[in-house]
Amino acid sequence: MKETILALLTAALDALKERGTLPADVAPDIKIEATKDKAHGDYATNLALMLSKPAGLKPRELAQALIDALPESQAISQVDIAGPGFINFFANTEAAAEIIRTVLDEGERFGHNTQGNDEAVQVEFVSANPTGPLHVGHGRGAAIGDSLCRLLAVNGYNVTREFYYNDAGAQIDNLALSVAARVKGLEPSDPAWPQDGYRGEYIKDVARAYLNGETVKAGDRETTAKGDRDDIQAIREFAVAYLRREQDLDLRAFGVEFDVYFLESSLYRDGKVEATVERLIDNGYTYESDGALWLKTTEFGDDKDRVMRKREGGYTYFLPDVAYHHDKWNRGFKTVINEQGADHHSTITRVRAGLQALETGIPEGFPEYVLHQMVLVTRSGVEVKISKRAGSYVTLRDLIDEVGRDATRYFLIARAATSQMTFDIDLARSQTNDNPVYYIQYAHARVCSVLRKAEREGVPFDQARGLAQLSLLTEEREKDLMNRLAAYPELIARAARAREPYQVAQYLQELAGEFHSYYNAVKVMVEDDALRDARLTLGVAVRQVLANGLGILGVSAPEEM
């Protein structure tokens, strides 16, 4: 319908240009929005307000001129002017119903588009240190990142999912020391326990597996434990592999998979960190002070220069990040999106500064970032802070075990990443309309239930007859539903451009709400075969769009609940 209105307005503009009402060089970006109040029609445009000045007319005068110049169209039943000069369009019911036919013809591909033009896009997300089970913050990153990948894919992008393992540095040293302490029989309460050691029960599991000589497979390698209590390097390698495998299992339970697992240690092994430092020095963007090597990040918008190599030796954490993202660029990814926690905000400027200082043609906004805020988990109104297994935080597996994959994914994606969120375990477990994921899934299952009822009552659904009788859908609620279905493709395109998959979750909740209201207010199982099948056809279209949207969020669309 929007495309129809756009074509009508474009023709009206051309007519006004020919008459001299508008300058010939006027080329406005015509915006058409669905109205919030149906008393003002189905769609509206502010075109007359935009062009009143170049036309030398009052907005309402220009609005009338545009209306008078509109070609005739059976798709539009009424056009009027509202307020200071908005033009409102009322869609013809039969024309609006054509969206049902489109949905059923395109099926799973309804909402897909080619705006991505098969562009290679890399999305890095989760990227947890392999030092323990994934926590709920990692879960939010996984839900957002995975849904963003699915969203980009339906918009025609060629998406690669990447997980970056920080398997080098002080945290890995602390992990190795913690497992070594457990291997030697120490408890976290022992005075000899490492000062910054990890205290969760999972460390005991790693130590036990190491002593038993187990073999674990993680990513691209298998590691067999040596069982030597004094070989700290062997303990380190096994602990990292063991916890990488545990994280892989957590992600598999969450329905998340990756195309590439990239190890930070490989940047050192392959000389890419050193090559990055040498290039930065050669380009004149470094200096030494107080025994440390500094990068002139202030030349690229940072508030102060940053240390790259510490006085005591070793690189600060952002330097390997620069090398890593340079590697992404060299792999051919011109669009890279990093989904990370908001605590990474301070690294954005310095990583981008380092990439600019390399002077290899990388644009200033590379990479893009989607940063998510923290998650507060509550039960019975009280914050849940720890897991027995992890010892200090709520794990992703805890949530999946408590409320299931679907509810966990939906709750973690349903709000904008920039918003802090509270994960209410009691609400996520409830089977009531207050639970948004239940509410959406129930709408899908409800359509399936009505179709089964029709079969049982000897009046099986005839989709062909329903499609032939769409003109019978004259109820206002039916028109609202059709307009909501018509908004889905644009919503999918807009959410991808904004990198905001939560918009899909919001849309699904609105669609489910309109369907439940319709079903409760309008009898579907009427005796008239044609009207019944027309209404069932509308229901089947709603079911298809619900399933498509839930698929983008990685949430199932059950047929029974």
What heavy-atom pair brings A541 and I100 nearest, and what distance separates the two atoms?
-> CB-CG2, 4.0 Å

Looking only at heavy atoms, what is the nearest atom pair of P501 and I413, with distance?
-> CG-CD1, 3.7 Å

Under the salt bridge (charged side-chain N to carboxylate O under 4.0 Å, His left out) rule, what do R535 and E478 come out as? Steps first, then yes or no, please.
-> CA-CA 8 Å; R535 288 178 173 170; E478 290 167 339; 2.9 Å; yes

Please work out which of the three classes, parallel, tilted or perpendicular, describes the rings of Y438 and Y442, given edges at 30° and 60°.
-> parallel

Honestly, is R409 close enough over F254, meaning NZ or CZ under 6.0 Å from the six-membered ring centre and within 45° of the axis?
-> yes

What heavy-atom pair brings G85 and A48 nearest, and what distance separates the two atoms?
-> O-CB, 3.5 Å

Can you list every pair that meets side chain to side chain donor-acceptor pair (under 3.5 Å) and has a residue in residues 106-116, with sequence neighbours left out?
-> R109-H112, N113-N155, Q115-N155, Q115-R497

Using 30° and 60° as the class limits, which term best fits the ring planes of F411 and F423: parallel, tilted or perpendicular?
-> tilted

CD (Q503) and CD1 (I552) are apart, to the nearest 0.5 Å, by 11.5 Å

Aromatic ring pairing F258/F163, orientation class (parallel under 30°, perpendicular over 60°, tilted between) | perpendicular

About how many Å separate OG1 of T422 and CZ of R415, when rounded to the nearest 0.5 Å?
-> 7.5 Å

Gap between atom CG of L470 and atom CZ of R465 - 0.5 Å precision | 13.0 Å

Would you kindly say whether D398 and T395 are connected by a side-chain donor-acceptor distance under 3.5 Å?
-> yes

How are the rings of Y488 and F110 set to each other: parallel, tilted or perpendicular (split at 30° and 60°)?
-> parallel

Are the ring centres of H516 and Y439 closer than 6.0 Å?
-> yes

